[in-house]
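Only heavy atoms go into these numbers, but all of them, side chains included; no hydrogens, no water, no symmetry mates.
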Amino acid sequence: IAISDDKAYLYASIVTRFDPPPFSWLTCGTSYFFQYDVGADQWTQKASLPSQYGGPTASRLELIVSPSSNQTIYTANVRIIRSTNGGTSWSGTLINPPAVHDDYHAMKFAPYDPTILFVGTDGGVYKINTSSLAATELNNGLGVATNYFSSSSIFDPYQILTGTQDDGTNYLKNNIWSHKLGGDGF
């Protein structure tokens, strides 16, 4: 759910599942996108979110409305896509990896500039200029990863194994981290 700064529109996305239990977070059925006009007190179904841009998935779907236009909506999960007409149609991927690590979890416009969009991903925080589509990584000096699990040895608690979202499996021994596997580190 996202609401425009002028409080004129509320946007909502609903995703159905098509797989039987046990559910996979990657598989979803149809996505429905709606616009609620506050003044008219009316919901309107808009275009479905396109799956070819990485979504929607059941694990996450972020929505945010541009502060400069109540008809410009950004949605993100694996990639960021944009609608400039209230969700009637959607444009393609705005920022491609490796410029920004995929799997978005948060989006927020800068209060000082409506063209600057900060995003939080599995790989950290990035600043995106929505006019030029330039992306700046803001992770200098940070060890950024989304950990699924960690475990230590019962014989040596200073040996640690971690599994991360999209950043693989990492191992700490003798105060030295090493990267063991790529992808999801289960």
Side-chain angles (χ1 to χ4, degrees), residues 1-7 9-13 15 25-26 31 33 47 49-87 89-150 162-172 176-185:
I1 294 177
I3 192 163
S4 60
D5 280 0
D6 63 4
K7 313 283 189 283
Y9 295 101
L10 175 73
Y11 296 97
S13 179
V15 180
W25 68 272
L26 290 173
S31 72
F33 191 79
L49 299 174
S51 61
Q52 68 266 34
Y53 302 116
T57 67
S59 68
R60 67 193 160 276
L61 183 65
E62 302 297 326
L63 292 172
I64 194 167
V65 182
S66 169
S68 33
S69 169
N70 63 17
Q71 296 292 302
T72 301
I73 310 131
Y74 295 83
T75 183
N77 64 358
V78 177
R79 303 283 186 269
I80 295 179
I81 59 175
R82 170 176 57 195
S83 173
T84 57
N85 55 18
S89 63
W90 296 90
S91 66
T93 301
L94 294 181
I95 307 295
N96 286 312
V100 175
H101 187 87
D102 56 4
D103 291 345
Y104 294 81
H105 299 282
M107 297 188 294
K108 182 72 175 169
F109 277 97
Y112 56 85
D113 185 343
T115 66
I116 300 298
L117 179 63
F118 291 99
V119 297
T121 75
D122 288 350
V125 179
Y126 299 83
K127 179 173 79 172
I128 299 172
N129 184 310
T130 59
S131 297
S132 68
L133 304 184
T136 304
E137 184 177 344
L138 303 176
N139 302 315
N140 191 17
L142 299 177
V144 179
T146 302
N147 284 299
Y148 282 131
F149 75 91
S150 63
T162 65
T164 66
Q165 164 66 33
D166 287 341
D167 294 319
T169 301
N170 300 297
Y171 179 62
L172 175 69
I176 299 172
W177 282 101
S178 60
H179 187 72
K180 295 299 181 186
L181 298 169
D184 286 331

Q: With the side chain counted from C-beta on, respond yes when Y126 and Y104 share a heavy-atom pair under 4.5 Å apart, and no when they do not.
A: no
Q: Between N139 and G124, what is the shortest heavy-atom contact and its length?
A: OD1-CA, 3.5 Å
Q: Quick one: pull up OG1 in T162 and NE2 in H179 and give me the separation to the nearest 0.5 Å.
A: 9.5 Å
Q: For the CZ atom of R82 and the CG atom of L117, what is their distance to the nearest 0.5 Å?
A: 10.5 Å
Q: Can you find a heavy atom in the side chain of T75 that is under 4.5 Å from one in the side chain of I80?
A: no
Q: Are any non-hydrogen side-chain atoms of S66 and T130 less than 4.5 angstrom apart?
A: no
Q: Whether the side chain of S83 engages the backbone of I73 through a donor-acceptor N/O pair (distance < 3.5 Å, no angle test) should be reported.
A: no
Q: Give, for atom OG1 of T136 and atom CZ of F118, the distance between the pair rounded to the nearest 0.5 Å.
A: 9.0 Å
Q: Report yes if the side chains of I176 and Y171 come closer than 4.5 Å at any heavy-atom pair, otherwise no.
A: no
Q: Of all the heavy-atom pairs spanning I116 and K127, show the shortest one and how long it is.
A: CG2-CG, 3.4 Å
Q: Should Y9 and Q71 count as side-chain neighbours, where that means a heavy-atom distance under 4.5 Å?
A: yes
Q: What is the ring orientation for W90 with F33, classed by angle as parallel under 30°, tilted 30 to 60°, or perpendicular over 60°?
A: perpendicular
Q: With a 4.5 Å limit on heavy-atom distance, are the side chains of V65 and D5 in contact?
A: no
Q: What heavy-atom pair brings T164 and G168 nearest, and what distance separates the two atoms?
A: OG1-O, 2.8 Å
Q: Show the nearest heavy-atom pair for residues A76 and M107, with the distance to one decimal.
A: CB-SD, 3.8 Å
Q: Any idea which heavy atoms bring I1 and A12 closest together, and the distance?
A: CG1-CB, 4.3 Å
